[in-house]
Every structure is written in C-alpha cells, then in structure tokens.
Amino acid sequence: MARRAFVIRAGVLLAPFLWRAGAAVAYDDRECKFDRAYPGMIVRQRDPDNLEFPLPALDGFVTANERFFVRSHFATPTIDARDWRLTVDGLVSRPLSLSYAELLQMPSRSLYATLECAGNSRVYLVPKVRGVSWGLGAVSNAEWTGVPLSLVLERAGVAASAVDVVFEGADAGEVKEEPVPSGKIHFARGLPLAMAMSPDVLLAYKMNGEDLPRSHGFPLRLIVPGWYGMASVKWLNRISLIDRPFAGYFQSVDYAYWERLNGVPVRVPIGPMQVKSEIARPATNEVVAVGSRYKVVGVAWTGGADVSAVSVSTDGGASWSPARLKGEPVRHVWSLWEYDWQVPAKPGLHVLMSRAVDSSGRQQPDRHDFDRGNYMINFTLPVPVLVQ
Ligand SMILES: Nc1nc2c(c(=O)[nH]1)N[C@H]1C(S)=C(S)[C@@H](COP(=O)(O)O)O[C@H]1N2
Ligand SMILES: [Mo]
C-alpha cells in the first residue's frame, strides 16, 4: 500500500524556540506528520506504528481508543483469539495454558489507568537524543477490564524460590541499540513478584468497554498502573516465573537509567512514573487574543502517589499561580486541571508552563536529569504562545 504520509511544515513561530539561557530545553518540533490511515493522530513512525495523541484535542478524562497513543517496537502481530493461549511456566507448581474463553470466565475487574511512555516529551531535550520524537501526547488514559494477574498466579501456584515474573509478547524483531542479542527477540519485561501480586495489576482484554484494539495488544495485555507504559506488555502470551530479577534487553540496555548509589551510577530498570503535568491548551505556538480571558487546561499524573497541586506560570517560570484540579484524585490516573489566564493587553511572546506536586512531596524539576538518558522526562515544559 502506498505510504501517504505527508509532512506539513508550519511557518511563523515554529522555529526552534529557546527559552532561558543555559536551560536544557528548546522546542524543536518543526514537523507535524499526518497519515490518512490514522486520522487525528500525529504519526511519529510507521511500521512499527508509533502514534501520538494530539494533546490539544483533549476532550475529557478518558482517551477514546482511536486517539490513545500507540508505542510499538515491532510489527503488530495478527492474532486469532481462538488459537491463542496464555502459557504460565517456570517456577510454578501447576504450569498453565489458558484459552481466551477460559480467561473471560475468570473473575474480572475494571479500573482506570493512565499510561505514559517513558520517552514522552523527548523532543524537548537538547541536545537531541535517540528514540521516537514524542511531543506531549505519548500519554493517554483508559478504563481497562481484565483478570487480576494475582488470580492466575495463584492458580499456577508460585514456588517459594520465585523472585520475578516475566511477561512476553507475541511480537518480535531485531533490536538496534548495543549490546544486542543475536537474531529476533520478543518484547518482554519483568515485574518483582510482590508488585505482580498487587490487585491493580491486570491481564486486560477490554479497553474502554471494547475488545482490546489490535494496536493496543489484542487479545490480552498486561496493565501495570502507576508504571511507565513499557511495563504493560501487549500481545501477552507467556508469563514465566524466575529466581532472580529479570535483566532482559528492554530493562537493561533499553528502558533503564542510572541511579546513584552513594554517588556510584547503577543501571536500574525504569519503573514508576514521575510526577508530571502538561498543558493541553493553548497549544504550542497558538495565537491568543490580547486582553482576553483564556482558560488554560491540562493534565497531571504521578506514580505511587496522588497529584496534590498544579501551578501555572505565564512568564516562563518566573512566577507561579495555583491551577484548579477537577474532581478527586484517583490513584494512577491523570487529573484534569484548569487555570483562568488574564491575557496581557500588550502583544508579545509568552511562555506558559505548568508544574505538579504529588502527595509524596515530589515536584516537577525545572530541567532534565541526564542520568535518565532519553527517558523519564518530567521537567516543566515550555509552551510558547503569541499574544496579538
Ligand atoms: N509486546 C509489546 N508490549 C509493549 C510494547 C511493545 O512494543 N511490544 N511497547 C511498550 C511501551 S514502550 C509502551 S509505552 C506501551 C504503549 O502501550 P499502547 O501502545 O497501548 O499505548 O506498551 C508497552 N508494551
Ligand atoms: Mo514506552
């Protein structure tokens, strides 16, 4: 099929935008890619498909399935649920091979969970780093329905020697980042056993009340609320219990960062989400009428805690005012917030920013920590707007 991607280059204000001398950030998203196969999504990559939710189109708490961002490392597998099985093996007393129908008959629960790709907002990093050039929208929120993972693990009988639970997807391909294993590998991630037993960790088969769409992992995916998206393995067909912390490619070479232990850098798999907020409207480089009242809206989320406050700056971070959080916080789900901006009467360029604080006392930093490499980007992002 002919690739119909075309690139729209916007003019005026879309030149790289540098704010505050020395800060590790510039706005460098000069291309906005559209593709007829995915109306309303920003296409960051095709084959594998990596699609961004256009955050300025935020229209509520739940992201529609067609708008939910897609992050896939390999080609999307086509799976017939009738001959698909979920294998549970390794350190268990009763290895399992469950059919789709059997899973649907098990007790289920539904919960909301916001997924953010650990590489979200990467386009804001200077110098430019490797990886998909996500802007604001590698984050979305849905209601997931499925079987609590703990029920399946209990049914399999986890051995006392088990430490980690490994989840493998049906998708496979060759990876690039050195060091690379030979040949094709499957996407796979591990979870510490205690985390895997949390009642919130689901083997999900429904997303917003519909069967999981193919691009989001049909027929079954893991959902790990509060963790960056890479933990929520799609096209799941194997769960394997092992006697040590898993150190697969996607949590050692890739999706890992450097933590300092007494000052010594140690490689650690990426896990819980950092506290973060984003401005949905105005959009970057939006033109706003002088002297008007503008309702700034956005989202904020965090892992392992609740968002407790969001503040907004309309002067590039010099001063901050509180925003209103809408509704009660729900653990591991984003909160919508708004702020009434009295737009200045004088024309000019203004840089808006938002900053969230969570109930564990963490606050968004004002610059990126490069021990995190090209991941976990939660510093306060600049949204330049033109007042005229
Ligand atoms: N099998 C498999 N699972 C996967 C991935 C993948 O490439 N293959 N990508 C992961 C990453 S990095 C993210 S951010 C989320 C994205 O989920 P989504 O595409 O439903 O938004 O899926 C995760 N699960
Ligand atoms: Mo991701």
Side-chain angles (χ1 to χ4, degrees), residues 24 44-50 70-77 87 89-91 115-134 138 161-193 195-196 217 221-222 224 227-274 303 368-378:
R44 296 292 179 195
Q45 193 183 346
R46 282 298 300 270
D47 308 315
D49 292 349
N50 285 292
V70 173
R71 202 298 176 234
S72 297
H73 293 78
F74 308 124
T76 304
T87 301
D89 63 20
L91 297 171
L115 297 189
E116 183 193 12
C117 181
N120 188 30
S121 311
R122 187 175 281 150
V123 78
Y124 291 86
L125 293 181
V126 174
K128 188 173 157 62
V129 290
R130 157 175 56 195
V132 180
S133 299
W134 300 114
S161 53
V163 166
D164 247 33
V165 188
V166 181
F167 302 88
E168 197 177 63
D171 54 330
E174 284 185 20
V175 288
K176 293 185 194 76
E177 219 167 310
E178 294 285 352
V180 297
S182 61
K184 285 188 171 188
I185 59 167
H186 288 270
F187 186 87
R189 279 283 299 197
L191 267 189
L193 184 58
M195 178 73 196
R221 78 176 300 169
L222 188 67
V224 184
W227 282 39
Y228 282 106
M230 78 279 127
S232 295
V233 176
K234 305 192 278 188
W235 311 293
L236 181 66
N237 59 9
R238 181 171 175 223
I239 298 175
S240 193
L241 284 100
I242 61 171
D243 66 357
R244 68 201 67 177
F246 185 56
Y249 179 85
F250 293 98
Q251 60 195 67
S252 57
V253 181
D254 207 359
Y255 294 104
Y257 67 109
W258 298 102
E259 225 172 63
R260 302 274 166 171
L261 263 190
N262 300 334
V264 184
V266 184
R267 198 79 177 146
V268 177
I270 295 176
M273 296 190 291
Q274 299 288 316
H368 184 60
D369 173 358
F370 277 91
D371 272 354
R372 296 177 182 173
N374 54 351
Y375 291 121
M376 302 161 80
I377 302 143
N378 74 324

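Values in this document were obtained by computation on a predicted structure and should not be read as measured data.
For Asp369, the salt bridge (charged side-chain N to carboxylate O under 4.0 Å, His left out) criterion is met by no residue, not counting sequence neighbours. Here Arg372 pairs with Gln274, Asn378 under the side-chain hydrogen bond (donor to acceptor under 3.5 Å, both in side chains) rule; sequence neighbours left out. Considering only residues two or more places apart in sequence or on other chains, Glu178 meets the salt bridge (charged side-chain N to carboxylate O under 4.0 Å, His left out) condition with none of them. Checked against side-chain hydrogen bond (donor to acceptor under 3.5 Å, both in side chains), Ser232 has no partners two or more places apart in sequence or in another chain. Residues satisfying the side-chain contact (heavy atoms from CB on, under 4.5 Å) test with Ala256, not counting sequence neighbours, are Arg267. A search for ring-ring contact (aromatic ring centres under 6.0 Å, His included) contacts involving Tyr375 returns Tyr255, not counting sequence neighbours. In this structure His186 satisfies the ring-ring contact (aromatic ring centres under 6.0 Å, His included) test with no other residue, sequence neighbours excluded. Legend: residues meeting side-chain hydrogen bond (donor to acceptor under 3.5 Å, both in side chains) with Tyr228, ordered by chain and number and at least two apart, are absent. Annotation: side-chain contact (heavy atoms from CB on, under 4.5 Å) contacts of Ala231 (sequence neighbours excluded): Val224, Trp227. Residues satisfying the side-chain hydrogen bond (donor to acceptor under 3.5 Å, both in side chains) criterion with Tyr249, sequence neighbours excluded, are absent altogether. With sequence neighbours excluded, no residue forms a salt bridge (charged side-chain N to carboxylate O under 4.0 Å, His left out) with Asp254.
Annotation: side chain of Ser133 is in contact with side chain of Lys128 (closest heavy-atom distance under 4.5 Å). At a threshold of 4.5 Å between non-hydrogen side-chain atoms, the residues Val165 and Ile239 count as touching. Here the side chains of Val163 and Pro245 are in contact, with some heavy-atom distance below 4.5 Å. With a 4.5 Å cut-off on side-chain heavy atoms, Thr76 and Pro48 do not count as touching.
Between the side chain of Asn374 and the main chain of Arg130, a donor-acceptor pair closer than 3.5 Å is present. Asn50 places a side-chain N or O within donor-acceptor distance of the main-chain N or O of Ser72, the cut-off being under 3.5 Å. A side-chain donor-acceptor contact under 3.5 Å links His368 to the backbone of Gly373. Judged by distance alone, the side chain of Asn120 and the main-chain N or O of Ala118 form no donor-acceptor pair under 3.5 Å. Using a distance-only test at 3.5 Å, with no hydrogens or angles considered, no donor-acceptor pair links the side chain of Asp164 to the main chain of Gly190.
Listed here is the closest heavy atom pair of Arg44 and Val132: CB-CG1, 3.6 Å. The minimum heavy-atom distance between Gly169 and Val233, with the atom names listed, is N-CG1, 3.8 Å. Shown here for Ser252 and Ala247, the closest heavy-atom pair between the two residues is OG-O, 3.4 Å. Across every non-hydrogen atom of Gly119 and Trp134, the tightest pair is O-CD1, 3.3 Å. Pairing each heavy atom of Phe370 with each of Val126, the nearest pair is CZ-O, 3.8 Å. Heavy atoms only, all atoms of each residue included: Ala188 and Val166 are closest at CB-CG1, 4.5 Å.
Atom SG in Cys117 sits 8.5 Å away from atom CD1 in Ile270 (nearest 0.5 Å). Separation of atoms CZ (Arg260) and CH2 (Trp258) is listed at 9.0 Å; rounding is to 0.5 Å. Taking CE from Met230 and CZ from Arg71, the interatomic distance works out to 12.0 Å, rounded to the nearest 0.5 Å.
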### Message
Does Tyr257 form a side chain to side chain contact (heavy atoms under 4.5 Å, CB included) with Val268? I'd like the steps, not just the answer.
### Response
CA-CA 5 Å; Tyr257 67 109; Val268 177; 4.1 Å; yes
### Steps toward side chain to side chain contact (heavy atoms under 4.5 Å, CB included) verdict (Trp235, Arg221)
CA-CA 6 Å; Trp235 311 293; Arg221 78 176 300 169; over 6 Å; no
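Applying the salt bridge (Lys or Arg N to Asp or Glu O under 4.0 Å) test to residues at least two apart or on different chains, the pairs with a partner in residues 231-249 are Asp89-Arg238, Glu168-Arg238.
Ring geometry for Phe250 versus Phe74: interplanar angle over 60°, hence perpendicular rather than tilted (30 to 60°).
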